[in-house]
Visitor: 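First the structure, then my questions, so here it is.
What you are looking at is a predicted structure, and each value in this text was computed from that prediction instead of being measured.
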Amino acid sequence: MADTGSVAITYVPADCGSIIPGKSKAPEAFQNVGIANKLRHAGLSSVSEYHALDSPERYATTDFVPGSVRNEDLNISVCQRVYRTINHSLPTTSTRPPLQLVLGGECCMLPAILSAFWQWADKQSPPMRVGLIYIDADTDLTSPTDSDSTGFFAGMNMTHLIRAPGALQSMEQFSRSSGEPVCDATNTILFGTNMSLSGNKNEHFTYLFDNSYKVVGSASVAREPEQRAREALKYLEDRVDIIMVHLDVDSIDPRMFPLANVPDFTGVTFEQMMRALKVLLVSTKIGGLTVAEVNPDHDPGLKMVERLVDQIVGMVSAR
């Protein structure tokens, strides 16, 4: 659905949604390995760059009251600025938008990204539907109302996308034009979820399955990455007009590729995840790719970041 010759890169240097520092350095790392120039040299006709934040937004120690969110105002502010940036990069006419490549940073910027896309899609004639392939080891279904909540915003990402019980009222601004959540069971796939991760609680899976969400486990992705990707595409292509892909790098096993902010032993190698991603990005309905949870502190010399960038550039230029 995106203009296959045009890319809009948005950098989001933030790690204010969790406690481990480093993710805010990811956009600079992507720039240091030359992602924009590599895309231009690969033959893209137009590569635009946007900076959602004037300076990095980092986690700050705060008092924590059970039932609240740490640094809530700052996290909401980051989402608002991301929304404005993506909204600015999308065309005001019915022309095909450039492929959105959003590099962070935090996974919890995703509701803002999808909200901007929904606002754009609702203005098309006829209106279009937006879908999401959520590649993440975590379900991200925690909420401030959990009895054991730590108050970290990043773990609430899916809660805010689908507006599950416990979602913050302050996040309701990132919605469709109708006010509905940006994601539901008809337009969302959780892909590469670590079914054995203790943080993915039984009640999270119960909620997803009781509400008919499609969940593709990490073990299944490791066995047949291309087939699982084709199935995910088929499921969404029949239901939506434009698809966003979110890649949280903790979906890649750190024993082989320890780039993620928090390691998660998913069993999915870097090569296997790239094989799946390659299948996804070929689809003409793909409108953008978000890459999140990259921590360059784990990557002296930026060799892993460069490998990831080279793969992404190859996939985008092949479209």
Side-chain angles (χ1 to χ4, degrees), residues 1-14 24 26-31 34-40 42-57 75-125 127-134 157 161 173-177 182-183 240-247 280-281 283-292 294 309 312-313 315-317 319:
M1 189 59 227
D3 180 349
T4 55
S6 181
V7 175
I9 305 173
T10 297
Y11 303 106
V12 189
S24 59
E28 182 179 8
F30 282 111
Q31 292 173 79
I35 186 167
N37 284 334
K38 286 185 177 186
L39 285 166
R40 294 183 182 105
L44 276 295
S45 60
S46 173
V47 179
S48 305
E49 296 178 88
Y50 300 89
H51 298 268
L53 310 177
D54 294 331
S55 60
E57 297 290 6
N75 280 287
I76 297 299
S77 173
V78 168
C79 285
Q80 290 170 335
R81 284 175 279 172
V82 169
Y83 172 85
R84 289 195 293 267
T85 305
I86 301 300
N87 187 57
H88 178 70
S89 70
L90 293 170
T92 56
T93 64
S94 59
T95 57
R96 298 171 71 185
L99 182 78
Q100 301 294 310
L101 185 55
V102 189
L103 305 175
E106 300 274 27
C107 66
C108 39
M109 61 186 172
L110 190 55
I113 298 167
L114 284 173
S115 180
F117 253 91
W118 268 108
Q119 302 297 322
W120 174 85
D122 284 339
K123 296 174 184 175
Q124 305 310 301
S125 182
M128 301 170 69
R129 281 182 52 80
V130 181
L132 172 66
I133 299 176
Y134 191 71
N157 197 31
L161 287 165
Q173 62 190 288
F174 305 109
S175 63
R176 310 182 193 184
S177 300
V182 292
C183 290
V240 304
D241 304 294
I242 188 164
I243 301 169
M244 295 296 295
V245 178
H246 172 83
L247 174 64
L280 297 176
L281 292 190
S283 171
T284 57
K285 287 196 172 183
I286 297 298
L289 170 66
T290 300
V291 182
V294 168
V309 164
I312 291 171
V313 169
M315 296 174 201
V316 171
S317 63
R319 286 166 55 84

Visitor: So do I242 and W120 actually touch side chain to side chain, heavy atoms under 4.5 Å?
Guide: yes
Visitor: List the steps, then state whether side-chain contact (heavy atoms from CB on, under 4.5 Å) holds for E57 with E106.
Guide: CA-CA 10 Å; E57 297 290 6; E106 300 274 27; over 6 Å; no
Visitor: Under the 3.5 angstrom rule, does the side chain of S115 hit a backbone N or O of P111 as a donor-acceptor pair?
Guide: no
Visitor: R84: what forms a salt bridge (charged side-chain N to carboxylate O under 4.0 Å, His left out) with it, not counting sequence neighbours?
Guide: none
Visitor: Any donor-acceptor pair under 3.5 Å linking the side chain of S89 with the backbone of I86?
Guide: yes
Visitor: Mind listing the closest non-hydrogen atom pair of M109 and V102 along with its distance?
Guide: CE-CG1, 4.0 Å
Visitor: Taking it one step at a time, do S317 and L44 satisfy side-chain contact (heavy atoms from CB on, under 4.5 Å)?
Guide: CA-CA 7 Å; S317 63; L44 276 295; 4.0 Å; yes
Visitor: Before giving the answer on side-chain contact (heavy atoms from CB on, under 4.5 Å), spell out for I312 and L289 the whole-Å C-alpha distance, their side-chain angles and the decisive distance to 0.1 Å.
Guide: CA-CA 9 Å; I312 291 171; L289 170 66; 4.2 Å; yes
Visitor: Below 4.5 Å, heavy atoms only, C-beta onward: do I35 and L103 meet side chain to side chain?
Guide: yes
Visitor: CD of Q31 to CG of N37: how many Å apart, nearest 0.5 Å?
Guide: 10.5 Å
Visitor: Should S77 and R81 be marked as a side-chain hydrogen bond (donor to acceptor under 3.5 Å, both in side chains) after you check the CA-CA gap, both sets of side-chain angles, and the distance that decides it?
Guide: CA-CA 6 Å; S77 173; R81 284 175 279 172; 3.0 Å; yes
Visitor: Working to the nearest 0.5 Å, report the span between CG of D241 and CZ of R129.
Guide: 8.0 Å
Visitor: So, does Q119 use its side chain to make a donor-acceptor pair with the main chain of S175 at under 3.5 Å?
Guide: yes
Visitor: On a heavy-atom basis, which atom in A112 and which in Y83 lie closest, and how many Å separate them?
Guide: O-CD1, 3.6 Å
Visitor: Is the backbone N or O of C107 less than 3.5 Å from a side-chain atom of N157, with the two atoms forming a donor-acceptor pair by type?
Guide: yes
Visitor: Quick check: do V316 and V7 have side-chain heavy atoms less than 4.5 Å from each other?
Guide: yes
Visitor: With a 4.5 Å limit on heavy-atom distance, are the side chains of L132 and I243 in contact?
Guide: no
Visitor: When you compare the side chain of T85 with that of H51, does any pair of heavy atoms fall below 4.5 Å?
Guide: no
Visitor: Search all heavy atoms of A121 against all heavy atoms of V130 and return the closest pair with its distance.
Guide: CB-CG2, 3.8 Å
Visitor: Restricting to non-hydrogen atoms, name the atom on A14 and the atom on V78 that form the minimum distance, rounded to 0.1 Å.
Guide: CB-CG1, 4.3 Å
Visitor: Is the number of heavy atoms from other residues, nucleotides or ligands within 6.0 Å of CD (E28) greater than 12?
Guide: no
Visitor: Before giving the answer on side-chain contact (heavy atoms from CB on, under 4.5 Å), spell out for C79 and F174 the whole-Å C-alpha distance, their side-chain angles and the decisive distance to 0.1 Å.
Guide: CA-CA 8 Å; C79 285; F174 305 109; 3.4 Å; yes
Visitor: Looking at side-chain heavy atoms only, is the closest gap between L114 and M244 below 4.5 Å?
Guide: yes
Visitor: For residues Q100 and I113, determine if any side-chain heavy atom of one lies less than 4.5 Å from a side-chain heavy atom of the other.
Guide: no
Visitor: H88 vs Y50 aromatic rings, parallel, tilted or perpendicular, using cut-offs 30° and 60°?
Guide: perpendicular
Visitor: Between S45 and G5, which heavy-atom pair has the shortest distance, and what is it?
Guide: OG-O, 2.6 Å
Visitor: What is the distance from atom OG of S6 to atom CG of L99, rounded to the nearest 0.5 Å?
Guide: 8.5 Å
Visitor: Only counting residues at least two apart or in another chain, list the ones meeting ring-ring contact (aromatic ring centres under 6.0 Å, His included) with F30.
Guide: none
Visitor: Side chains of P98 and P91, heavy atoms from C-beta outward: is any pair under 4.5 Å?
Guide: yes
Visitor: List in chain and number order the residues that pass salt bridge (charged side-chain N to carboxylate O under 4.0 Å, His left out) with E49, two or more places apart in sequence or in another chain; answer none if no residue qualifies.
Guide: R40
Visitor: Roughly how far apart are W118 CH2 and C183 SG, rounded to 0.5 Å?
Guide: 9.0 Å
Visitor: I need the minimum non-hydrogen distance between K285 and V240, along with the two atoms involved.
Guide: NZ-O, 2.7 Å
Visitor: How long is the straight-line distance from SG of C108 back to CD1 of I76, given to the nearest 0.5 Å?
Guide: 9.0 Å
Visitor: Keeping D122 on the side-chain end and P127 on the backbone end, is there a donor-acceptor pair under 3.5 Å?
Guide: no
